[in-house]
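In what follows, every heavy atom counts, from backbone to side chain, and hydrogens, waters and symmetry copies are set aside. To find a chain, count down the sequence lines: A is the first, B the second, and so on, and within it residues start at 1.
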2 protein chains.
Amino acid sequence: MARIKREQDRDEKRDEIVAVARVLFIEEGYEATSISRLASTAGVAPNTIYWYFKDKDEVLVAVLDAELSARMSEYLALPAMSPAERLLWVANNLERVSRLVGTVHSRLAQSPVINTWHERFHALSEEMLRLELQQAGIAPNKIEALVKISVFTIEGLLAHPLPEEQKRAICNALVAN
Amino acid sequence: MARIKREQDRDEKRDEIVAVARVLFIEEGYEATSISRLASTAGVAPNTIYWYFKDKDEVLVAVLDAELSARMSEYLALPAMSPAERLLWVANNLERVSRLVGTVHSRLAQSPVINTWHERFHALSEEMLRLELQQAGIAPNKIEALVKISVFTIEGLLAHPLPEEQKRAICNALVAN
DNA sequence: GCAGCTTGTTGAATTCCATTCAACAGGATA
DNA sequence: TATCCTGTTGAATGGAATTCAACAAGCTGC
């Protein structure tokens with residue numbers, strides 16, 4: 001019992017740090033948020049972070065997981081839509097978090113934890129998109145390439161913001177054929 | 001006369017540093033190449049770099065320019081090809097430099113010089129692609145979206161390496177319609 | 001109810017960056 | 001010959017992530 005109580009405390013504190021990191025990483029960026037800043041915002045000493053996380057990348061992974069599950073429930077609660085509309089929704093919805101997407105891509109070569117998170121995330125996204133396109137009656141032999149192109153396009157839209165008009169045109173063009 | 005001689009020397013030395021930086025940035029990465037390392041490889045003290053460049057980002061821009069003009073002449077010397085083949089060529093040819101592409105994307109929010117270089121580069125690439133697609137007889141109303149999608153797809157292929165097979169399938173799918 | 005282990009927490013290093021500063025050397029200039 | 005301009009440098013500076021050794025309690029077995 002006591003042990004369980006302890007572990008609850010530990011997880012709560014960890015979650016608190018993740019909550020703070022989530023705001024800072026998203027609003028100011030991962031690189032711009034130093035461990036010191038994160039720590040002082042969370043009300044602890046810098047090295048305390050290292051009691052709960054191996055390194056800064058592990059904090060990022062925790063933030064990514066938190067953010068992903070939040071977004072995922074929003075997505076699953078979405079009403080019926082055409083694939084193009086869903087794509088546009090995703091592109092727009094991920095925009096708030098585009099800084100993090102860039103950070104993941106830039107760190108995945110150096111950080112194994114981020115690399116494996118990234119792989120899992122792509123596998124998940126592509127699986128969902130594949131299903132979506134199948135249900136929309138896209139020719140099966142076109143689906144694999146289209147899945148990749150769509151994922152790349154969403155990433156591109158996040159990295160290079162465009163006016164709503166063009167985003168819509170692009171999403172429509174993608175699923176038109 | 002003396003003045004001209006001096007400026008030649010200056011440019012030669014600068015080019016020497018760029019040549020060293022080009023190798024290091026491409027083979028080991030921008031972040032992994034410290035100014036100290038760059039300097040010692042070039043046979044000079046770390047702070048000497050700052051006599052020729054404002055900061056590390058400016059060194060990167062010089063490297064990018066050097067690399068771009070080298071690639072551009074290769075591209076222009078290419079024999080006749082279908083747009084899909086050209087796309088594949090570009091994707092494969094840029095692979096050696098994919099680390100730099102990632103670095104540009106991750107630094108463009110923080111560094112004005114890199115940001116303007118990036119904008120210029122995209123404007124140039126998109127213009128060339130647009131021309132290519134026009135000549136291939138793509139329906140004019142589809143071209144703008146297709147240009148963006150193609151650029152995003154090439155960036156995606158650089159960030160997420162795929163087997164040659166799939167790259168080819170994706171490039172073909174892009175220009176099929 | 002006390003000795004000792006475990007879990008957190010911390011201040012103070014350590015190391016590695018990019019970047020700056022002040023001094024210096026040597027050729028060009030007057 | 002005296003001075004200036006162009007390069008070059010050794011030695012800071014400041015900030016980053018991360019580590020280390022010490023300390024504080026609470027819990028555990030006796």
Checklist entry - Just how far, in rounded Å, is C1' of dT8(D) from CD1 of Ile49(B)? => result 12 Å
Item to check | Working for side chain to side chain donor-acceptor pair (under 3.5 Å), residues Asn92(B) and Glu164(B) | outcome: CA-CA 9 Å; Asn92(B) 280 330; Glu164(B) 190 70 13; 3.1 Å; yes
Checklist entry - Would you say dT7(C) has OP1 or OP2 under 4.0 Å from some side-chain N or O of Arg10(A)? => result no
Report, one pair per line, the protein and nucleotides 15-19 of chain C atoms (nitrogen or oxygen only) whose separation is under 3.5 Å.
residue	atom	partner	partner atom	Å
dA18(C)	OP1	Ile35(B)	N	3.4
dA18(C)	OP1	Lys56(B)	NZ	2.8
dA18(C)	OP2	Ile35(B)	N	2.7
dT19(C)	OP2	Tyr50(B)	OH	2.8
dT19(C)	OP2	Lys56(B)	N	3.0
dT19(C)	O5'	Tyr50(B)	OH	3.4

Checklist entry - Just how far, in rounded Å, is C1' of dT8(D) from CZ of Arg14(B)? => result 18 Å
Checklist entry - How long is the line joining CG of Asp11(A) and P of dT7(C), in whole Å? => result 14 Å
Next on the checklist: Please determine whether ring-ring contact (aromatic ring centres under 6.0 Å, His included) holds for the pair His105(B) and His105(A), giving the CA-CA distance in whole Å, both sets of side-chain angles, and the decisive distance to 0.1 Å.
Outcome noted: CA-CA 9 Å; His105(B) 285 138; His105(A) 284 138; 9.3 Å; no
Checklist entry - What pairs meet the ring-ring contact (aromatic ring centres under 6.0 Å, His included) rule with one or both residues in residues 30-73 of chain A, with sequence neighbours excluded? => result Phe25(A)-Tyr30(A)
Checklist entry - Gln110(A) has an atom CD; how far is it from atom C1' of dA17(D), in whole Å? => result 13 Å
Next on the checklist: Using OP1 and OP2 only, check whether a side-chain N or O of Trp51(B) sits under 4.0 Å from dT8(D).
Outcome noted: no
Checklist entry - Rounded to the Å, how far apart are Glu16(B) CD and dG7(D) C1'? => result 14 Å
Checklist entry - Would you say dT9(C) has OP1 or OP2 under 4.0 Å from some side-chain N or O of Tyr52(A)? => result yes
Next on the checklist: Rounded to the nearest 0.5 Å, what separates atom CZ in Phe152(A) from atom OG in Ser150(A)?
Outcome noted: 10.5 Å
Next on the checklist: Quick check: closest heavy atoms across Ile143(B) and Leu133(B), and the distance to 0.1 Å?
Outcome noted: CD1-C, 4.1 Å
Checklist entry - Which value, rounded to the nearest 0.5 Å, describes the distance between Thr103(A) atom OG1 and Glu31(A) atom CD? => result 4.0 Å
Item to check | Residue-phosphate contact under 4.0 Å: Thr48(A) side-chain N/O, dT10(C) OP1/OP2 | outcome: yes
